[in-house]
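In what follows, every heavy atom counts, from backbone to side chain, and hydrogens, waters and symmetry copies are set aside. Counting starts at 1 for both ligands and their atoms, in listed order.
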Amino acid sequence: MAELFYDQDADLSIIQSRKVAVLGYGSQGHAHALSLRDSGVDVRVGLHEGSASRARAEEQGLRVVTPAEAVAEADVIMVLVPDPIQAKVYEESIAPHLKDGDALFFGHGLNIRFGFIKPSTNVDVCMVAPKGPGHLVRRQYEEGRGVPCIAAVEQDATGKAFPLALSYAKAIGGTRAGVIKTTFTEEAETDLFGEQAVLCGGTTALVKAAFETLVEAGYQPEIAYFECLHELKLIVDLMYEGGLEKMRWSVSETAEWGDYVTGPRIVNDQTKAEMRQVLAEIQDGSFANNWMKEYNAGLPKYNEYKKADEDHLLETTGKKLRKLMSWVDDER
Ligand code: NAD
Ligand code: MG
Ligand code: MG
Ligand code: MG
Ligand code: MG
């Protein structure tokens, strides 16, 4: 079972005695930087000169310098720029300014787990990753609550890396909710698997295949959209609140019976064998290597896949139907 840590297990004064650089001011970066500051931590934000986020960070009362300056000033560096560019930022702006005993922090384990970043042995390497989007992390902190976090240590140069990670997690509200100890390997591999098999890949493929099945059988796309996509939210909300049990308690007995007899025919032994293959390709690094290759080639296939789905009847039908539902917010 997982090891959990709460406020009383973490010493805020550890991170308060350090100088923290937060690189990036997006979803996670803004939440970390603002909550660290409000927890009495000496924090600066590292953003490149032309960054659109600079003005926003300054308006919110933070001091903004370049990533290289931030790393030079600080002794705890939290890397919250997009994953595919972290290795470049590390080479150009972080590595030249790291000193003995500094700590390198991440919000996701991908670059360390798959070796795109290989930190020198004289620094601590830690992860503090909230299990929620940055805006929720910040809002919960402001309300005196917190989003659960996971924390990990990949390299413990000082012998004090885990208490430092817990202290950082406390400063962003994580220990108010609970911090689970993990490893970079477990976090990186399960994160990729979850988003591929279920959250993004599995779900979008399931919805599209079911929608196409109904439309090809002659049913109206609008009706198929409601049954296969729109109503998914209601089901997922119930699962989120109370697991499979609450969802099955809430739906009709007919729906529940259909769940039991048909679910295992749709996601069957063949699907599970493919899931094991997907996991193997994550574990052996081929997924991460292929993704970096695609990213560095300028995203040719990524853009092709994106375009194909934009034109899918499911999407054009949805655009039309969502306009009929005043309570559905389709803003980006
Ligand atoms: P994001 O895309 O929202 O923000 C990225 C930020 O980096 C932006 O402020 C951008 O201006 C800045 N940036 C881009 N290039 C830069 C450069 N060369 N130098 C300095 N700054 C640069 O990113 P995010 O979603 O907050 O993700 C950051 C990290 O947090 C990733 O490792 C991600 O996996 C992890 N994470 C994200 C979430 C989430 O909910 N979004 C949750 C957990 C972990
Ligand atoms: Mg420094
Ligand atoms: Mg994830
Ligand atoms: Mg992810
Ligand atoms: Mg129905």
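For the pair Gly26 and ligand 1, the shortest N or O to N or O distance falls below 3.5 Å. Annotation: His108 places no N or O atom under 3.5 Å from an N or O atom of ligand 1; distance criterion only.
Here the heavy atom of the protein found nearest to atom 21 (N) of ligand 1 is Val81 CG1, 3.2 Å. Remark: minimum distance from atom 16 (C) of ligand 1 to any protein heavy atom is reached at His48 CD2, 3.4 Å. Among all protein heavy atoms, the one lying closest to atom 44 (C) of ligand 1 is Gly107 O, 3.2 Å. Atom 26 (O) of ligand 1 has its closest protein heavy atom at Gln28 N, 2.8 Å. Protein heavy atom closest to atom 23 (O) of ligand 1, with residue, atom name and distance, is Leu80 O, 4.3 Å.
Residue contact check for ligand 1: Gln86 places a non-hydrogen atom closer than 4.0 Å to it. Not a single heavy atom of Leu23 sits under 4.0 Å from any atom of ligand 1.
Listed by number with element, the atoms of ligand 1 under 4.0 Å from a non-hydrogen atom of Ser51 are 11 (O). Proximity to Val89 (heavy-atom distance under 4.0 Å) selects the following atoms of ligand 1: 18 (N).
With Cys149, Ser53, Ser27 as candidates, the residue nearest to atom 10 (C) of ligand 1 on a non-hydrogen basis is Ser53. If you check each of Pro67, Pro82, Gly24 against atom 5 (C) of ligand 1, the one with the closest non-hydrogen atom is Pro82.
Distance check for Asp83 against the Mg ion (ligand 4): none of its N/O/S atoms falls below 2.8 Å. Within the 2.8 Å limit, Val71 places at least one N, O or S atom next to the Mg ion (ligand 2).
For the pair O of Ala74 and O of Ala72, the angle whose vertex sits at the Mg ion (ligand 2) is 110° to 10 degrees.
Between Tyr295 and Trp291, the ring planes lie perpendicular to each other; the angle is over 60°, past the 30° to 60° tilted range. Between Phe106 and Phe184, the two ring planes are perpendicular [angle over 60°; tilted spans 30° to 60°].
Restricting Asp191 to its N, O or S atoms, the one at the least distance from the Mg ion (ligand 4) is OD2. The atom name of the N/O/S atom in Glu195 closest to the Mg ion (ligand 4) is OE1.
Residues passing the ring-ring contact (aromatic ring centres under 6.0 Å, His included) test with Phe5 are Phe162, sequence neighbours excluded.
Cation-pi geometry between Arg176 and Tyr141 is met: under 6.0 angstrom from the ring centre, within 45 degrees of the axis.
Contact check for Thr66 versus Ser93: no side-chain heavy atoms found under the 4.5 Å cut-off.
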